[in-house]
Protein chains: 2
Amino acid sequence: MATITDVSKKAGVSRSTVSRLIAGNGYVSDEARKAVEAAIQELGYRPNTMARGLRSNRSDIIGGVVVNVSSPFYAQMIGGMQETARSAGKSIIVASGYADRDEEAHAIIELLDRACDGLILYLENALRDDVLEIVARSKTPVVTVGGNECPPARARVTIDNATGAEAGMRLLLEAGHRHIAYLSGGTIYRDTYERLSGIDAALAGFGLSRDDIYVEHGSFSETFGQQATARLLIERPQTTAIFAGDDDVAAGALLALKGAGKRVPEEISLLGFDDNFHARHLTPGLTTVRQPVDEAGRVATRLLLSILDGEPVATPIITIPTELIMRQSVGPVRSLSPTSRTVAPALTAS
Amino acid sequence: MATITDVSKKAGVSRSTVSRLIAGNGYVSDEARKAVEAAIQELGYRPNTMARGLRSNRSDIIGGVVVNVSSPFYAQMIGGMQETARSAGKSIIVASGYADRDEEAHAIIELLDRACDGLILYLENALRDDVLEIVARSKTPVVTVGGNECPPARARVTIDNATGAEAGMRLLLEAGHRHIAYLSGGTIYRDTYERLSGIDAALAGFGLSRDDIYVEHGSFSETFGQQATARLLIERPQTTAIFAGDDDVAAGALLALKGAGKRVPEEISLLGFDDNFHARHLTPGLTTVRQPVDEAGRVATRLLLSILDGEPVATPIITIPTELIMRQSVGPVRSLSPTSRTVAPALTAS
DNA sequence: GATCGATATGGGATCGATCTCACAGGGAGA
DNA sequence: TCTCCCTGTGAGATCGATCCCATATCGATC
């Protein structure tokens with residue numbers, strides 16, 4: 001591979017001049033510029049990233065940690081990150097934290113070793129103390145997405161769980177539902193509490209409180225949705241609507257409902273959260289609160305890029321709005337004859 | 001950050017000794033080893049990746065190009081790659097090629113600029129000539145996955161499309177179907193032809209040929225599946241089974257079938273290909289040919305790692321077997337009374 | 001006792017860029 | 001004319017590791 005010295009020799013200038021031209025700083029005469037550009041072209045010269053990085057202490061690599069790169073949810077976020085990073089000439093290395101504190105620690109340290117210019121973290125646990133110190137010492141700027149708060153972060157991107165959950169709950173209440181079950185996710189997540197506060201707000205708007213609905217905590221998984229719903233059908237048969245903590249929980253709930261021969265939404269309404277990849281493929285299509293996770297990835301990356309450019313971060317917390325996606329799984333309550341056959345509810349499909 | 005010189009000073013040895021210890025080659029006395037290890041511990045020393053890379057011309061980064069990192073299909077593959085690479089102490093940078101020749105070229109060049117030790121490519125187009133030359137000149141080993149052949153590749157991992165398609169078609173034939181439509185993907189993919197050859201083989205086993213079924217070429221998309229199926233229902237109402245080019249096509253087909261009030265599998269059977277993320281979430285669960293794409297990612301990475309270790313590549317082409325996943329969308333043909341209500345077919349659910 | 005190989009260590013060149021500093025020429029203003 | 005600033009260029013130090021080579025010690029073998 002050609003080096004900068006080869007280029008400088010061919011162009012009859014010094015390495016410094018070539019370097020200045022490439023970096024776009026300092027003075028370069030038109031004559032020199034042309035000669036160097038021709039030499040670069042002819043030799044097919046590409047600067048050595050390592051040498052540059054060693055000297056300038058920049059790698060042009062952004063590190064990302066998500067729960068699991070294989071999951072469609074995070075894949076979307078990574079897509080958003082990559083798109084944005086690419087337009088700034090940076091690449092992305094992602095690692096999985098597998099929702100495990102030590103795995104997350106390992107992933108972060110690995111990324112720091114790679115001299116990432118900055119980190120975007122979607123963690124499920126608080127940072128281990130030793131890692132916290134290492135991150136701080138490295139002075140690598142950090143932006144977090146979703147999840148819980150994380151001390152070293154210079155900025156945080158969250159999705160507006162509260163308003164999303166509020167809109168979802170209001171949808172159910174406006175459809176006349178009063179026997180509502182909320183199958184929440186795990187209690188270790190900030191998301192969970194934010195959503196609950198939104199639910200409270202919606203309930204309050206109808207003169208109700210959380211005591212007027214049934215709330216069960218579990219995990220963000222299909223299994224939980226299925227098991228909790230199966231239990232629910234036996235213990236609380238009066239339930240007319242289920243609000244699932246996320247679409248996985250909703251998918252599980254739907255399996256249980258179908259298994260019990262319940263028609264959705266005629267007999268029971270089902271509302272999800274996330275707008276996962278498969279939400280629109282469920283039957284009936286799942287009405288859900290969309291979390292624009294790709295947008296979160298883009299925003300987080302943009303934030304990090306501007307921090308790297310030395311721009312002051314105006315708003316250290318950016319909240320991304322959710323969106324209610326209307327499909328077919330929520331319908332009006334049938335209070336008098338809950339098992340009677342009804343026409344499909346008049347909600348817009350998407 | 002502490003450097004190797006700091007460590008050597010603290011331990012009272014030379015940098016060379018520290019370097020030898022870390023690299024694990026050359027001789028280091030027990031005494032020196034202990035002193036150095038203590039110093040490393042105390043200073044929290046971590047070798048500078050850039051400096052190491054510059055000198056040794058290794059980055060410990062593997063570059064990957066897939067069609068689209070956001071897609072669940074490729075996310076799975078990336079997960080497999082990452083898992084394997086991690087255990088060898090390497091990281092992965094992935095870029096999207098968006099099935100566009102120039103985008104793919106751009107992605108590859110970007111990865112080469114990052115001095116990736118090797119590349120894993122899942123491309124949809126032949127490499128641009130100039131890129132081919134650059135890759136060759138860089139001597140970076142390349143492993144390709146799926147898709148078409150790619151000249152610079154030292155090894156290739158393919159998924160056994162032919163056998164998979166053969167097994168799928170045989171399933172339909174054994175269930176008694178004779179009016180079969182195959183909604184194929186795009187004609188630019190090698191996959192397409194491999195699957196067709198498998199289909200031919202299955203047909204031959206029943207004394208039939210491709211002329212005895214209906215084949216339509218389109219693209220690997222839900223839209224194609226939906227439109228082609230809608231057309232099919234009008235123009236070839238005798239069809240009793242649809243074999244979709246992939247699960248997206250199948251999802252589209254299912255939408256069209258439901259839209260037309262057709263019951264699956266009672267009135268018409270539907271078979272997919274891939275075992276996409278949402279295959280099991282469709283209703284009915286989609287019987288499909290599983291492409292173990294995560295395994296392909298793992299195998300490709302393992303191959304690349306052994307090439308990087310200088311091991312001779314015994315088998316330059318590795319074929320990964322597919323697997324028939326039995327769910328509920330394929331049933332026996334109802335030749336006499338195609339619209340009569342039937343019980344669910346006796347196939348194993350998964 | 002000389003030779004040889006294995007063990008152990010350090011010195012210094014090197015990878016390919018960036019970046020600071022010194023310096024030169026030329027035009028403007030005092 | 002002298003000074004000062006702007007433009008333009010190159011020499012050389014530097015980043016933090018690796019790696020080749022020289023050297024030293026020690027025990028075994030002839």
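Within every chain, numbering begins at 1; the chains are lettered A, B, ... in the order of the sequence lines, protein sequences first and strands thereafter.
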In whole angstroms, the gap separating P of C:dA17 from CG of A:N25 amounts to 16 Å
Of B:S56 and B:S14, the one whose nearest nucleotide on DNA chain C sits closer to the 5' end is B:S14
Considering just the side-chain nitrogens and oxygens of B:Y27, establish if one lies under 4.0 Å of OP1 or OP2 belonging to C:dT7.
yes
Intermediate values then yes/no, salt bridge (charged side-chain N to carboxylate O under 4.0 Å, His left out), A:R86 and B:E103:
CA-CA 12 Å; A:R86 210 198 113 160; B:E103 292 279 4; 2.6 Å; yes
For this session: Kindly indicate whether the side chain of A:T140, heavy atoms from C-beta on, has any atom under 4.5 Å from the side chain of A:L112.
Result: yes
Taken to the nearest whole Å, CG/A:L54 to P/C:dT14 is 17 Å
| request: Tell me what A:S16 touches on the nucleic acid: a base, only sugar-phosphate, or nothing, going by heavy atoms under 4.0 Å. | output: base
When rounded to whole Å, the CG to C1' distance for the pair B:N57 and C:dA17 reads 14 Å
* Asked: Salt bridge check: are A:R298 and A:E295 linked by an N-O gap of less than 4.0 Å?
  -> yes
Between CE of A:M50 and C1' of C:dT18 the distance, given in whole Å, is 17 Å
Applied to residues 1-11 of chain B, the salt bridge (Lys or Arg N to Asp or Glu O under 4.0 Å) test, sequence neighbours excluded, yields B:K10-B:E42
(Q) Mind checking if A:A32 touches a base, just sugar-phosphate, or nothing, with heavy atoms under 4.0 Å? (A) sugar-phosphate
| said: Tell me whether the side-chain N/O atoms of A:R52 come closer than 4.0 Å to OP1 or OP2 in C:dT18. | reply: yes
Please tell me if the side chains of B:Y98 and B:V67 come closer than 4.5 Å, counting only heavy atoms from C-beta onward. no
Footprint ends on DNA chain D, 5' to 3', for atoms under 4.0 angstrom from a heavy atom of chain B, come out as D:dG16 to D:dC19
Axis-to-axis angle across the helix from C:dG1-D:dC30 to C:dA30-D:dT1, five pairs each end, nearest 10 degrees, ~ 50°
Separation of C:dG12 atom P from B:R55 atom CZ, nearest Å, is 16 Å
Contact class for B:S29 vs. all strands (heavy atom < 4.0 Å): base, sugar-phosphate, or nothing?
sugar-phosphate
Rounded to whole Å, the CG-C1' distance (B:D113 to C:dA17) equals 14 Å
Whole-Å distance, A:I22 CD1 to C:dC19 C1', equals 14 Å
Whole-Å distance, B:D30 CG to C:dT9 C1', equals 15 Å
*Less than 4.0 Å between a side-chain N and a carboxylate O, is that true for A:D113 and B:R46?*
yes
Side chains of B:Y122 and B:F73: closer than 4.5 Å at any heavy-atom pair?
yes
Ignoring backbone atoms, establish whether B:T17 has a side-chain N or O less than 4.0 Å from OP1 or OP2 of C:dG10. yes
How about B:V145 and B:L121: do any of their side-chain heavy atoms sit closer than 4.5 Å?
no
For a quick test of reading the model: is some side-chain N or O of A:Y45 closer than 4.0 Å to OP1 or OP2 of C:dA17?
yes
* Show your working on salt bridge (charged side-chain N to carboxylate O under 4.0 Å, His left out) between B:K90 and B:D60 and close with a plain yes or no. => CA-CA 5 Å; B:K90 308 218 178 241; B:D60 285 332; 3.0 Å; yes
Is there side-chain contact between B:V299 and B:I320, with at least one heavy-atom pair below 4.5 Å? yes
